[in-house]
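For the numbers below, each heavy atom of this structure counts, side chains included, while hydrogens, waters and symmetry mates do not.
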Amino acid sequence: MWMIKPPTEHPKESKYRPVLESLLPRDPMSKFNLKRSSPKDEFPNLDRNCTLMGRILDLHMYTRQFNRATESGVIFDDIIRPGLEDPGQSIGPKAVGCLAGDAQSYILFCDFFDRIIESYHGYKVTTDTVQESDFNYDNLKGGDDFDQAYALSCEVTVSRSIEDYSFPTHCSRGERRQLLTLAKTALEQLAEDLPGKLYSIDELSHESEDRGVVMDAPPSSLIKIGVARDWPDARALWLSKDGTLAVWVNMEDHLKLVSYRSDACLQEAFKTICVNVLKMEAVYNKRRHPFIWKPHLGWVISSPAEVGTGLRASVTVKLLHLAENKRIDDILDRLRLQMEATSCPGVYKISNLQTIGFNEVGLTQLVVDGVQLLIRMEKRLENNSGIDDLVPTQK
């Protein structure tokens, strides 16, 4: 009969074990005294919830997350609250219905967030796969030759979050003010090559000749998801004098760079983003507050709908005929693009749906190639010709 020897007891180990155990970090959840019932009693009503969160979350998953908390105090109810406040629409693109409170949220609640990312992006998160990043704008082919009769304007945005700070739904006033101070330093250095000016949200509440942006109240979308707390404290907008770049500070994310062009030259808008996000990254790295990067997720920001690259490239296009075609949804799905209606009839905003699984150049290339094809299809339909031979295979 095999006998298992008991572990050897070392006198010093026994003596100092209580001291060593006292040095272990406590479970953050043990610091709270939340007045909550059982997970079953606390489970939210998701009957009319049209978000991905509402479709994925069940009592079993909720129970597994229930007693967890990140080191900054984010609990699972904080994660799903945006989707409960704004349950989404039954038609149109699906909203994710959740936001991370900090970078650790993606790790601690990974079984939930990984399913959200897979459902939204069609991309399975694994520890074996590394998200790539490529800001070499010379690798982009085209984007400067759209037919101006159809392509009206374009925009490229990229969002970033800063290491060691909670995300906007959870950060404190002090954190938000520190983030604004860091942004001021970075933007001052950015202005050496691209002159611009930083405006507080208070300054944006009235019209001015040197800018075309007016904001006298927080957007309703920010109020619903809890980002507009303490408005307008420590929120700001930086605008370049030539109008090619805007940088929002402490809105949906710590930083959001936007390059808009009325000539629909997506190539130039992408170049502007690439050059300036790398300059800002260098400043933040120098001050030891890098942008948050995780190998399996890429650039980490508050919304799982934008992790990976944090990049959206969009072109506003006239598609009077194609938008009414019965195959449009299938075509967009094959191109990995999404289409949003604008206030103008027959005019739509075409952008990348996925932000992870491709690098920045690859995603922008999808938009360039996709818009070119959609314009070709629109021209065919104008002449009462078919488009079946133009329908692509899955990208």
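No side-chain heavy atom of Thr364 sits under 4.5 Å from any side-chain heavy atom of Asn352.
Inspection of the Thr316 and Ser153 side chains reveals an N or O donor paired with an N or O acceptor under 3.5 Å. Using modelled atom types and a 3.5 Å distance limit, the side chains of Thr309 and Trp299 yield no donor-acceptor pair. Under 3.5 Å, the side chains of Asp128 and Thr126 contain no donor-acceptor pair of N or O atoms. Remark: the Gln338 side chain and the Ser351 side chain contain an N/O donor-acceptor pair separated by less than 3.5 Å. In the model, Tyr62 has a side-chain atom that pairs as donor or acceptor with a side-chain atom of Asp77 under 3.5 Å. The closest side-chain donor-acceptor pair between Arg55 and Ser119 falls under 3.5 angstrom.
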Residues 317-325, side-chain donor-acceptor partners within the protein, below 3.5 Å, at least two apart:
from, atom 1, to, atom 2, distance (Å)
His321, ND1, Glu378, OE2, 3.0
Asn325, OD1, Arg327, N, 2.9

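Geometric assessment of Arg64 against the ring of Phe112 yields a negative cation-pi assignment under the 6.0 Å and 45° thresholds. Taking the ring centre of Trp248 as origin, the terminal cationic atom of Arg235 falls outside the region bounded by 6.0 Å and 45° from the ring axis.
Summarising the geometry of Leu337 relative to Gly370, their closest heavy-atom pair is CD1-CA, 3.8 Å, with the distance given to 0.1 Å.
The pair Arg115-Asp111 fails the salt-bridge criterion, with no side-chain N (NZ, NE, NH1 or NH2) lying under 4.0 Å from an Asp/Glu carboxylate O.
When Leu311, Leu257, Leu363 are each tested for a side-chain contact (heavy atoms from CB on, under 4.5 Å) with Val156, only one passes: Leu311.
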